[in-house]
Amino acid sequence: MSNLLSTVNQRTNLAGQNRFELLLFRLNGQQLFGINVFKVREVIQAPDLSEMPGSHACVKGIAQLRGESVIVVDLSQATTGRPIADISKAFVIVTEYNRHVQGFLVSGVDRIVNMNWEQIKPPPQGAGRNHYLTAVTELDKQLVQIIDVEKVFSEIIPVEEEVSEKVKEQSHKLDLSKIVVLIADDSVVARNQVKRALDSVNVQSALAKDGLEALQWLQAKAAEAGDDFLHQVPLLISDIEMPRMDGYTLAAEIKADPALRGLHIILHSSLSGVFNEAMVKKVGADQFIAKFHPDELLSAVNYWLEQSV
């Protein structure tokens with residue numbers, strides 16, 4: 001298992017081709033779950049954990065990893081209500097996203113598979129609002145469920161969502177009454193975080209659950225609005241990891257379309273690092289911002305809207 005992620009850095013050329021790699025794991029039972037490899041730092045045998053008094057019931061403790069204290073969450077208990085039965089045989093998937101490092105306790109880790117985002121589908125209709133899935137796919141005739149780890153972690157350790165008065169004042173200097181900002185994200189939690197930030201300064205928003213839905217919405221809007229399109233929809237805030245079409249591919253498609261290419265694009269992702277900064281330039285996006293800091297995001301929104309209105 002120690003060598004499982006040893007070649008992750010060699011796989012970055014998949015991004016921008018609507019491809020990615022999925023780490024498969026199990027909780028209780030044989031059901032396969034998945035997480036994007038780019039969120040994963042390492043996979044380790046469950047270490048000794050220090051208790052964290054007063055913590056959420058799903059927090060199993062704190063692991064000391066190379067001098068860093070990392071909260072470990074029982075992913076099975078957080079999503080199904082059933083804790084991992086035998087921690088001594090379990091693994092911890094150490095992840096880095098949303099500017100934090102955290103560990104998820106799982107019962108077993110399977111393998112890494114190379115996937116195309118077109119193979120990743122939204123959760124089935126009728127799943128309701130309380131599930132923890134961002135997407136599903138099929139592998140070797142078996143359903144793989146991709147967990148919304150952003151939602152899981154936000155319920156255990158909520159993030160600050162309030163926009164400061166200083167940033168709000170910047171927005172009030174602009175006439176934003178006739179514009180719409182499109183938000184594309186497969187995570188319900190992430191979409192709503194961005195929407196609430198825009199709502200706080202009275203900016204209207206439209207929502208898309210993946211890159212393909214966002215592209216189709218933009219194309220329909222451009223056909224309807226004609227030359228006035230960029231005045232009505234000057235900005236897109238898009239996640240990178242999304243079913244059917246990822247944010248890199250979405251940005252590239254927009255810049256290749258004469259009717260859309262003037263649109264400003266902020267890639268707003270839980271994935272962080274220098275690699276994303278390079279990909280922003282490659283696909284023609286305007287800016288990369290790591291999730292989720294409302295002041296930083298809204299300051300960027302203010303800047304790009306100033307270039308448009």
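Nothing here was measured: the structure is a model prediction, and the numbers come from that model. These values consider heavy atoms only, across backbone and side chains, with no hydrogens, waters or symmetry-generated copies.
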Are Val43 and Phe25 close enough, and set up right, to give a side-chain contact (heavy atoms from CB on, under 4.5 Å), and what steps lead you there? CA-CA 11 Å; Val43 179; Phe25 61 90; over 6 Å; no

Return yes when atom NZ of Lys121 has more than 12 non-hydrogen atoms of other residues, nucleotides or ligands closer than 6.0 Å, and no otherwise. yes

Please report the interatomic distance CZ(Arg111) to CG(Leu23), rounded to the nearest 0.5 Å. 10.5 Å

Rounded to the nearest 0.5 Å, what's the gap from OG on Ser269 to CD1 on Ile237? Could you check? 13.5 Å

Does any non-hydrogen side-chain atom of Val37 lie less than 4.5 Å from one of Phe20? no

Regarding Tyr97 and Glu241, do their side chains bring together a donor and an acceptor under 3.5 Å, going by distance alone? no

How about Leu267 and Tyr248: do any of their side-chain heavy atoms sit closer than 4.5 Å? yes

Reported CD-to-CG distance for the pair Gln64 and Asp48, which is rounded to 0.5 angstrom: 11.0 Å

When you compare the side chain of Leu298 with that of Leu198, does any pair of heavy atoms fall below 4.5 Å? yes

side-chain contact (heavy atoms from CB on, under 4.5 Å) between Phe91 and Gln45: does it pass, once the steps are laid out? CA-CA 4 Å; Phe91 293 87; Gln45 195 80 37; 3.5 Å; yes

To the nearest 0.5 Å, what is the distance between CG on Leu22 and CE on Met115? 6.0 Å

Rounded distance [0.5 Å steps], CD1 in Ile157 versus CD1 in Ile71: 3.5 Å

Which heavy-atom pair separates Pro124 from Val136 by the least distance, and what is that distance? CD-CG1, 4.4 Å

Do Arg66 and Glu42 come close enough that some side-chain heavy atom pair is under 4.5 Å? yes

Under the side-chain contact (heavy atoms from CB on, under 4.5 Å) criterion, do Trp304 and Ile265 qualify, and how do the steps go? CA-CA 9 Å; Trp304 294 114; Ile265 303 172; over 6 Å; no

According to side-chain contact (heavy atoms from CB on, under 4.5 Å), who are the partners of Val101, at least two apart in sequence or on a separate chain? Arg41, Glu68, Val70, Val94, Glu96

Steps toward side-chain contact (heavy atoms from CB on, under 4.5 Å) verdict (Ile179, Val233): CA-CA 6 Å; Ile179 70 161; Val233 188; over 6 Å; no

Please find the pair of heavy atoms, one from Ile120 and one from Ala135, that lie closest to each other, and give the distance. CG2-CB, 3.3 Å

Under a 4.5 Å cut-off applied to non-hydrogen side-chain atoms, are Leu24 and Leu139 in contact? yes

Run Lys166 and Glu169 through salt bridge (charged side-chain N to carboxylate O under 4.0 Å, His left out) and show every step you take. CA-CA 5 Å; Lys166 181 179 179 180; Glu169 288 175 7; over 6 Å; no

Just by distance, do the side chain of Ser205 and the backbone of Lys195 share a donor-acceptor pair under 3.5 Å? no

Compare every heavy atom of Lys209 with every heavy atom of Glu213, then report the nearest pair and how far apart it is. OE1-NZ, 3.4 Å

For the side chain to side chain contact (heavy atoms under 4.5 Å, CB included) test, which of Ile289, Val201, Leu235 pairs with Val301? Leu235

Taking every heavy atom of Leu260 against every heavy atom of Ala222, the minimum-distance pair comes out as CD2-CB, 3.8 Å

Verify whether one side chain among Ser76 and Asp74 offers a donor that lies under 3.5 Å from an acceptor in the other. no

For the residue pair His264 and Asp286, what are the closest heavy atoms and their distance? CA-OD2, 3.0 Å

Going by side-chain contact (heavy atoms from CB on, under 4.5 Å), name the residues that satisfy it together with Asn202, two or more places apart in sequence or in a different chain. none

Here the salt bridge (charged side-chain N to carboxylate O under 4.0 Å, His left out) pairs for residues 182-194, sequence neighbours left out, are Asp185-Lys291

Looking at every non-hydrogen atom in both residues, tell me the closest pair between Asn36 and Trp117 and how far apart they are. ND2-CZ2, 4.0 Å

Result for side-chain hydrogen bond (donor to acceptor under 3.5 Å, both in side chains) between Thr95 and one of Lys39, His100, Gln102 points to Gln102

Distance col, row Asn116:CG vs Glu118:CD, nearest 0.5 angstrom, shows 4.5 Å

